[in-house]
There are 2 protein chains.
Amino acid sequence: MVGRPKKFDEQQALAAALEVFWKRGYEAASCEELLEAMGINSGSMYSTFGDKKALYERAFELYASNVFLRTQEILNGSGTPLENVRTWVRGWQEFQEEHDCKGCLVSHTIIEFGSSENPVGHRARKLIADMQVMLQEKLQDAQDLGELPEGHQPADLATFFVNTAHGMTVVARSGTGERDIPGIIRTMLALLGEKSANKIKPMKQPTIDFISSN
Amino acid sequence: MVGRPKKFDEQQALAAALEVFWKRGYEAASCEELLEAMGINSGSMYSTFGDKKALYERAFELYASNVFLRTQEILNGSGTPLENVRTWVRGWQEFQEEHDCKGCLVSHTIIEFGSSENPVGHRARKLIADMQVMLQEKLQDAQDLGELPEGHQPADLATFFVNTAHGMTVVARSGTGERDIPGIIRTMLALLGEKSANKIKPMKQPTIDFISSN
DNA sequence: TGCATTTTTGAAACCTGATTCAAATAGATG
DNA sequence: CATCTATTTGAATCAGGTTTCAAAAATGCA
């Protein structure tokens with residue numbers, strides 16, 4: 001490779017762009033803002049990523065694959081199926097805390113592009129569907145082992161959890177996430193039969209910091 | 001009053017604009033689209049409403065006041081507190097069906113303007129807060145009467161219901177509302193102690209059609 | 001009918017971002 | 001050092017959506 005060397009790191013710039021898109025959404029994130037955060041000028045951005053839309057696709061993919069992997073990792077953890085689901089639910093709180101109550105980019109993307117033929121909207125719906133299946137299977141395992149409280153079907157619960165997660169995106173963005181999310185999580189855990197759910201304070205889980213680099 | 005008479009009905013045009021904003025969001029709704037739906041040209045719109053932002057404020061206000069009144073009406077209905085809350089929860093399904101699974105404009109507005117200093121964002125947050133209080137009071141009444149199942153606090157439940165409602169906006173917009181919302185409602189009703197919640201099919205409630213005119 | 005007043009119309013002006021591109025720059029190579 | 005290629009820079013351009021406005025039209029009234 002000859003010629004002037006790139007002076008910025010593509011992944012780092014992408015992570016910076018993700019941060020902006022995540023906070024503001026696609027439309028509201030101006031190129032100026034993005035370039036500022038990425039630390040490069042328009043020319044570099046356009047030659048590297050194509051255009052704003054393509055940049056969003058890349059940023060979304062970074063987010064999506066990491067959320068998916070994180071979920072997969074937690075649900076297939078070392079505990080029983082139900083314990084893993086609970087850990088996953090508790091993870092949401094941590095996730096919001098870690099990321100400044102910006103909510104989930106997937107929910108945000110569905111709101112912005114959900115009904116359109118936009119490829120990112122399609123990707124977002126697919127991701128949710130896949131995660132919902134994963135969750136449902138785990139809940140089915142829990143039920144087969146007799147871990148699940150009576151009165152709920154795995155499919156209904158999986159749908160419900162996904163719905164709750166979407167809701168937290170709106171709550172987070174309304175500014176009351178810090179106040180409200182802990183209680184929401186407690187109620188979810190109670191649904192899973194965690195009797196003392198509204199007494200215990202969920203403990204910190206060690207997790208991968210999955211956005212910054214890689 | 002002298003001069004050429006207005007040939008369009010302001011409230012009707014506003015309702016049409018609301019429909020477009022509701023379906024597409026503020027940014028994505030182009031003036032062209034709005035004017036087309038309203039059946040007027042830009043001049044009439046600008047002289048009547050001011051500008052696009054002011055039009056959104058008016059449309060949002062129409063939506064907000066009607067949702068608030070509808071909620072108030074249902075929660076203060078003729079049943080017991082808990083029955084009224086259940087009726088309210090069941091009403092969501094109907095609401096989504098009636099309105100083509102567009103979700104709730106308030107959730108959408110919070111996503112789009114929630115964190116900004118935008119006055120509509122502020123109004124949306126306030127509306128949610130007010131409705132949450134109303135709901136919490138009703139749940140408190142239910143608890144005082146011994147209607148509420150053990151294990152949940154009215155405040156937590158109210159927060160949780162609001163969260164669930166927000167979630168349904170995302171689910172609706174992801175295109176799976178028709179499939180998923182009934183189950184979500186059933187799970188909510190089960191949380192309120194409705195034992196047969198996942199067997200019964202919620203019956204149609206007579207309600208005001210609150211958007212079109214008025 | 002002619003005048004005053006208000007609304008409608010839609011093309012033009014205007015703005016705000018997104019995108020391009022020619023010139024400048026930084027290394028690699030011989 | 002001269003040359004080559006790839007990258008950076010940021011001003012200029014472009015695109016699209018919003019807003020204005022002058023002319024035309026509709027009504028009441030004298």
Ion pair check, K23(B) and E33(B), cut-off under 4.0 Å: no
Pair of N/O donor and acceptor under 3.5 Å linking dT8(D) base with R4(A) side chain: no
How many Å lie between CD1 on I40(B) and P on dG10(C), as a whole number? 13 Å
Closest to side chain of K7(A), choosing from dT27(D), dT9(D), dA26(C): dT9(D)
Please confirm whether the shortest side-chain N or O distance from N41(B) to OP1 or OP2 of dG10(C) is below 4.0 Å. yes
Taking atom CD as the centre, does E27(A) end up with more than 12 heavy-atom neighbours from other residues, nucleotides or ligands that are less than 6.0 angstrom away? yes
Measure the distance from CD on E10(B) to C1' on dT6(C) and round it to the nearest whole Å. 15 Å
What contact category does A28(A) fall into here, base, sugar-phosphate, or nothing, at under 4.0 angstrom with non-hydrogen atoms? nothing
Of the candidate nucleotides dT5(C), dA24(C), dT19(D), which contains the atom at the shortest distance from the side chain of S42(B)? dT19(D)
Options dG28(D), dT19(C), dT8(D), nucleotide nearest the side-chain atoms of D51(A): dT19(C)
By nearest atom, which of the nucleotides dT8(D), dA26(D), dT18(D) is closest to the C31(B) side chain? dT18(D)
Is the shortest distance from a Lys or Arg side-chain nitrogen in R123(A) or E61(A) to a carboxylate oxygen in the other one below 4.0 Å? yes
Looking only at the side chain of P5(A) (C-beta and beyond, no hydrogens), which of the listed nucleotides dA26(C), dT29(C), dA26(D) gets closest? dA26(C)
Tell me: CD of E27(A) to C1' of dA18(C), nearest whole Å? 11 Å
Examine the side chains of Q93(A) and E97(A) and answer whether a donor and an acceptor come within less than 3.5 Å of each other. yes
Indicate whether OP1 or OP2 belonging to dG17(C) is found under 4.0 Å from a side-chain N or O atom of S30(A). no
Nearest-nucleotide pick for K6(A), side chain only, options being dT7(D), dG27(C), dT7(C): dT7(D)
Any side-chain N or O of K53(A) less than 4.0 Å from the OP1 or OP2 oxygen of dG17(C)? no
M38(B) CE - dT18(D) P separation (whole Å): 13 Å
Classify the side chain of S47(B) and the base of dT8(C) as holding, or not holding, a donor-acceptor pair under 3.5 Å. no
When the distance from CE of M45(B) to C1' of dG17(D) is rounded to whole Å, what number comes out? 11 Å
Between K102(B), H99(B), R24(B), which is the residue that forms a side-chain hydrogen bond (donor to acceptor under 3.5 Å, both in side chains) with E19(B)? K102(B)
Main-chain N/O of Q72(B) paired with W88(B) side-chain donor or acceptor, under 3.5 Å: no
Closest nucleotide of DNA chain C for S44(A) versus for T48(B): which of these residues is on the 5' side? T48(B)
Over how many whole Å does the gap from Y26(A) atom OH to dG17(C) atom C1' extend? 11 Å
Could you tell me the separation between the CG atom of L35(B) and the P atom of dA11(C), rounded to a whole number of Å? 14 Å
Interatomic distance, Y56(B) OH vs dT19(D) P [rounded to whole Å]: 15 Å
At less than 4.0 Å, is any side-chain N or O atom of Y46(B) found next to OP1 or OP2 of dT20(D)? Yes or no. no
